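Throughout, a chain's letter reflects where its sequence line sits, starting with A, and its residues are numbered from 1. Source: prediction; values computed, not measured. Scope of the values below: all heavy atoms of this structure, side chains included, with no hydrogens, waters or symmetry mates.
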Amino acid sequence: NKEAISNLNNENILRYSRQLILPEIGVKGQLRLSNTSVLIVGAGGLGCPSAIYLAAAGIGTIGVVDYDEIELSNLHRQILHTESRTGLKKSASVAASCSNLNSSVKCIPYHTVLSSKNALELINQYDIIVDATDNVATRYLLNDAAVLCQKPLVSGSALKFEGQLTVYNYQNGPCFRCLFPKPPPPETVTNCSDGGVLGVVPGIIGSLQALEVIKIAIGLPDTFKQRLLLFDGLAGSFRNIGLRPRQKNCAVCGDDPSIKELIDYEQFCGAKADDKGKNLTIL
Amino acid sequence: NKEAISNLNNENILRYSRQLILPEIGVKGQLRLSNTSVLIVGAGGLGCPSAIYLAAAGIGTIGVVDYDEIELSNLHRQILHTESRTGLKKSASVAASCSNLNSSVKCIPYHTVLSSKNALELINQYDIIVDATDNVATRYLLNDAAVLCQKPLVSGSALKFEGQLTVYNYQNGPCFRCLFPKPPPPETVTNCSDGGVLGVVPGIIGSLQALEVIKIAIGLPDTFKQRLLLFDGLAGSFRNIGLRPRQKNCAVCGDDPSIKELIDYEQFCGAKADDKGKNLTIL
Amino acid sequence: MLITLEFSGGAEMLFDNKKSHEVNLPDTEKWTIGSLLLWIRDNLLRDKPELFLQDDTIRPGILVLINDADWELYGQSEYVVEAKDKISFISTLHGG
Amino acid sequence: MLITLEFSGGAEMLFDNKKSHEVNLPDTEKWTIGSLLLWIRDNLLRDKPELFLQDDTIRPGILVLINDADWELYGQSEYVVEAKDKISFISTLHGG
Ligand SMILES: [Zn+2]
Ligand SMILES: [Zn+2]
């Protein structure tokens, strides 16, 4: 339904010149980036670096979903916001920062909670989904929605000095549920509000998510499909973990799935879909 | 000569709350960050992420050195600049973006070429130096200046899909010259203008440089002293390399150094101190 | 039999915040990951075993690795532990 | 004797842009890094040997690694190569 961009104008040839000369990208790869749409869910510590590096690289359309407003306590890690924007919508702030860097990218902010009601319609409009969220319920929701819409899901997470990165539901690789069929007990889940996080750790993981998106958009091999990156910022170590293949008995991506439409994920996880409140089970 | 900051005001307690609760940081670590000054040399692909994450974390003073003005072809990787700032000074642009995020950080732009004439005076005013430059001559200059001023040097570099990171001249570890006593033949050196670079690759390395600075400022162990990180973005691999210790016969940091003041680095390297022109030997 | 146990992603908080443990398993039996889990509960866990095990297996949300690969690739709890193995327990992160 | 050679940071451009090479060294002699460098020049290098070697040793700006550690830690060109060794040649990057 979108008209494909089939050539680069002179301004864009200049703008992207340093990546156009990479043989792995070239004009063909740049056009693929221009014709790719990416939905970033979460305009926080992971979403900020992801969004700005995708805008810089010339992804055609970037959607940004977040229900939240900017607070001072976000600014130690959410680097696209500014002091003067505190109280304003995060999604609009990220879109504005991306447009300031590259006005040829179409940036669409969605100031809304991603829910079982709107997720499929939103995700269906995009080619690649970035999980830059901050809570378990939304991660299951996003996983199931990405599987049902058949979109690759580039998943990042960070807490304290640690980060994790993988790509779900891509090229017949596993999904989040293949690895974790059951949600963790709510009392074992720590969020950034309670556990803390050093801002640059989601910065590194979010940047790596942008790289994965670019590789998927261009069709480069060696993505983090069926692989997990473990980053330990205190040790300065990166580990590459081989993961299981897609599980035939997976409830959502398996051969005979039981989940064919989105469910109630707060109920499923026993926890609210934000990183603020206490767990439902405790309330 | 600077008056030390000895407590956090309420606004800063709120701003840094998510990193203050990390036991490795806490109020003591946050105060150390506030009392640390960092000189970032290069306001480009590495300098941008480095600067913004250091500003976000609350480094007290950030100096930014760059002689260059913003061009459209920078924006695919230099994410703190904007379209509307093309033609303006890079150093001022980075300082402005950092101040917009965190006005409590003192950001000092230096619109100048780092040279053998001004390097020692500049570097002496800072605690930690970030090498975010783009050419061999400036890297030798910065190394020698950091050794002569006894400052740790957090070095990053990127080209195409690859990046490298290490920390020189820290805690009796090696310096750049310990590893590379002789400069490379100019005809073997590729810069980002000629070889190209995917923007997010310096994004990842520059973020990792910010993390190293934070660890050094706070006094955390396990930095990249005497270690080299090799990042291959195409393969999605990170390798940790053990390096040689400080070399007793090093010309600048050795036991009987022959270099006791800065020399002519363009002549030493046979190449100009920018990433634009052709090599001197070819001219 | 000497092996290395690693905990990360928060799982280390159940083990004195120590991420790496060298342990010496008694040579009295053949060790599977299943029996190792119970040994960890009885010998290393300080308190709150339910945050690590549920129904005698690993609780949801912790990924078990055998020498840096998903235990699912090695038969999960049936895998027979060998000397020098590195068994890791990675709690998944959800922050962002 | 089978070993792995790796080239990165741009050094791979001298070797058909291939980053990893499995090579089989003839068992006729004891191989040091020094003699390996000459073997690489004569058997793998396509052209411009001066961009890889100078005065029969590695040219300035390329770091040599023996199994992911600086060759300086192993006596540089004197190191005796063993089967399955991974010898890497890393051209330092200067871009930013
Ligand atoms: Zn699945
Ligand atoms: Zn030295």
What are the two closest heavy atoms between A:G236 and B:F224, and how far apart are they?
-> O-CZ, 3.3 Å
First locate atom CZ of B:F238, then atom OG of A:S237, and finally report the distance between them rounded to the nearest 0.5 Å.
-> 11.0 Å
Could you name the residues of residues 228-235 of chain A that have a heavy atom within less than 4.5 Å of a heavy atom in chain B?
-> A:L229, A:F231, A:G233, A:L234, A:A235
Could you tell me which portion of B:R239 (side chain, backbone, both or neither) has an atom closer than 4.5 angstrom to a non-hydrogen atom of chain A?
-> neither
Measure distances from B:K160 to the heavy atoms of chain A and classify the residue's part below 4.5 Å as side chain, backbone, both or neither.
-> both
Chain A contact via B:L165 - which portion, at a heavy-atom distance below 4.5 Å = neither
Could you tell me which portion of B:S17 (side chain, backbone, both or neither) has an atom closer than 4.5 angstrom to a non-hydrogen atom of chain A?
-> side chain
Checking heavy atoms, do the side chain of B:P221, its backbone, both or neither come under 4.5 Å from chain A?
-> backbone
Test item: A:F161 and B:I25 side chains (from C-beta on) under 4.5 Å apart, heavy atoms = yes
In terms of heavy-atom pairs under 4.5 Å with chain B, which of A:G196, A:P23, A:C98, A:S97 leads?
-> A:G196
Separation between CG of B:N10 and CG of A:L72, rounded to the nearest 0.5 Å = 11.5 Å
A:E11, part contacting chain B, at a heavy-atom distance under 4.5 Å | both
Of the listed B:V197, B:T223, B:L80, the one with the largest count of heavy-atom pairs under 4.5 Å with chain A is B:V197
Out of A:G58, A:A57, A:G195, A:A55, which one racks up the most heavy-atom pairs below 4.5 Å with chain B?
-> A:G195
Nearest-0.5 Å distance that lies between atom CG in A:L198 and atom CD in B:Q19 = 6.0 Å
Shortest non-hydrogen pair, A:Y53 vs B:G203, comes out as OH-CA, 3.1 Å
Quick one: of A:L14, A:I205, A:I214, A:L22, who has the most non-hydrogen atom pairs under 4.5 Å with chain B?
-> A:L22
Which pair of non-hydrogen atoms, one from B:I204 and one from A:S207, has the smallest distance, and what is that distance?
-> CG1-CB, 3.6 Å
Answer whether the closest heavy-atom distance between the side chains of B:L101 and A:I79 falls below 4.5 Å.
-> yes
Check whether A:L20 gets within reach of chain B through its side chain, its backbone, both or neither, counting any heavy atom under 4.5 Å.
-> neither
Which of A:S103, A:S99, A:A210 touches chain B most, by non-hydrogen pairs under 4.5 Å = A:S103
In terms of heavy-atom proximity below 4.5 Å to chain B, should A:N100 be classed as side chain, backbone, both, or neither?
-> both
Which answer fits B:N102, side chain, backbone, both or neither, if we ask what part of it has an atom under 4.5 Å from a heavy atom of chain A?
-> both
Which residues, numbered in order, of residues 81-90 of chain B come under 4.5 angstrom of chain A by heavy-atom distance?
-> B:H81, B:T82, B:E83
Say you draw a straight line from CG of A:L75 to CZ of B:R18; how long is it, rounded to the nearest 0.5 Å?
-> 11.5 Å
